[in-house]
Amino acid sequence: MSADAQTPSEAVDPAYVEIAVEVFAMLADATRLRIVLALSAGEHTVGELAEAVGKSPTSVSQHLAKLRLARMVAARQDGNHAYYRLINDHAGRLVVDALQQAEHAVEATPRHHREQA
């Protein structure tokens, strides 16, 4: 087990707890969750993300702006296109873990456990 997983709750800086709450609040939106999941596979343009999450490019751009402010995604410009990516893999892992937790709430034997067997 990593040292991060062994950190006692009383040793955690209260400022980090508040920021973690903001991270969870940012991910408490289905469109942003889907965007993070899509970006966990690599860089995408707004148009590609809009198609992947089934929303308009305008809506996706607004969600990306919030994710940028939260320092979860970054963009790079290449000609006329902006490519978005996750700044690190932590948000992607949080989303995958949340989806796997959701599987536990719905299925007796969640898919991620069946795949491991």
Side-chain angles (χ1 to χ4, degrees):
M1 191 181 278
S2 72
D4 290 338
Q6 296 174 352
T7 303
S9 61
E10 64 272 2
V12 176
D13 185 325
Y16 291 163
V17 171
E18 294 304 317
I19 293 170
V21 168
E22 291 175 17
V23 168
F24 283 118
M26 186 61 53
L27 295 175
D29 177 274
T31 300
R32 286 194 293 273
L33 193 137
R34 288 182 176 108
I35 289 169
V36 169
L37 192 59
L39 290 175
S40 67
E43 282 187 332
H44 292 288
T45 64
V46 171
E48 292 168 342
L49 289 168
E51 188 174 322
V53 304
K55 297 290 181 179
S56 72
T58 302
S59 174
V60 169
S61 289
Q62 291 170 349
H63 286 289
L64 285 167
K66 290 178 183 181
L67 291 167
R68 283 182 76 178
L69 285 173
R71 297 185 186 128
M72 296 173 82
V73 302
R76 72 172 176 85
Q77 200 68 31
D78 186 13
N80 292 332
H81 297 285
Y83 290 87
Y84 289 86
R85 64 176 171 78
L86 294 177
I87 290 177
N88 57 56
D89 65 341
H90 295 295
R93 288 194 332 237
L94 278 172
V95 168
V96 169
D97 283 346
L99 291 170
Q100 289 179 341
Q101 181 62 39
E103 288 178 8
H104 280 275
V106 175
E107 302 178 38
T109 304
R111 180 180 56 189
H112 65 277
H113 286 294
R114 292 190 306 261
E115 291 171 354
Q116 292 172 357

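Values below: all heavy atoms of this structure, side chains included; hydrogens, waters and symmetry mates excluded.
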* Rounded distance (nearest 0.5 Å) linking atom CD of Glu22 with atom CD of Glu18 -> 7.5 Å
* To the nearest 0.5 Å, how far apart are CG in Leu49 and CG in Leu39? -> 5.0 Å
* Asked: Does His113 reach the side chain of Glu103, with side-chain heavy atoms less than 4.5 Å apart?
  -> no
* Structure fact -> CG (Asp29) and CG (Leu67) are apart, to the nearest 0.5 Å, by 8.5 Å
* In Å and rounded to the nearest 0.5 Å, what is the CG to CG distance from Leu64 to Leu69? -> 11.0 Å
* Residues, nucleotides or ligands: over 12 heavy atoms within 6.0 Å of Arg93 CZ -> yes
* **Contacts of Ser61 that satisfy side-chain contact (heavy atoms from CB on, under 4.5 Å) - sequence neighbours left out** => Val46
* To do: Could I get the full list of side-chain contact (heavy atoms from CB on, under 4.5 Å) partners for Tyr83, not counting sequence neighbours?
  => Glu43, Thr45, Arg76, Asp78, His81
* If every non-hydrogen atom of Ser40 is compared with every non-hydrogen atom of Gly92, which pair is closest and at what distance? -> CB-CA, 4.2 Å
* **Lys55 versus Val60, closest heavy-atom pair with distance** => CB-CG2, 4.0 Å
* To do: Please examine the side chains of Val36 and Leu94, heavy atoms only from C-beta on, and report whether any two atoms are closer than 4.5 Å.
  => no
* For Ala52 and Ala38, work out which heavy atoms get closest and say how close. => CB-CB, 4.5 Å
* Could you tell me whether the side chain of Met72 reaches within less than 4.5 Å of the side chain of Val23, counting heavy atoms only? => yes
* What pair of heavy atoms forms the shortest contact from Met26 to Ala70, and how long is it? -> CE-CB, 3.9 Å
* Linked, directly or transitively: Val53 and Leu99 (ILVMFWY side chains, under 4.5 Å) -> yes
* Structure fact -> Quick note, ring pair (Phe, Tyr, Trp, His ring centres under 6.0 Å) partners involving residues 15-70, not counting sequence neighbours, are none
* Under 3.5 Å, side chain of Gln100 to main-chain N/O of His112, donor-acceptor pair present? -> no
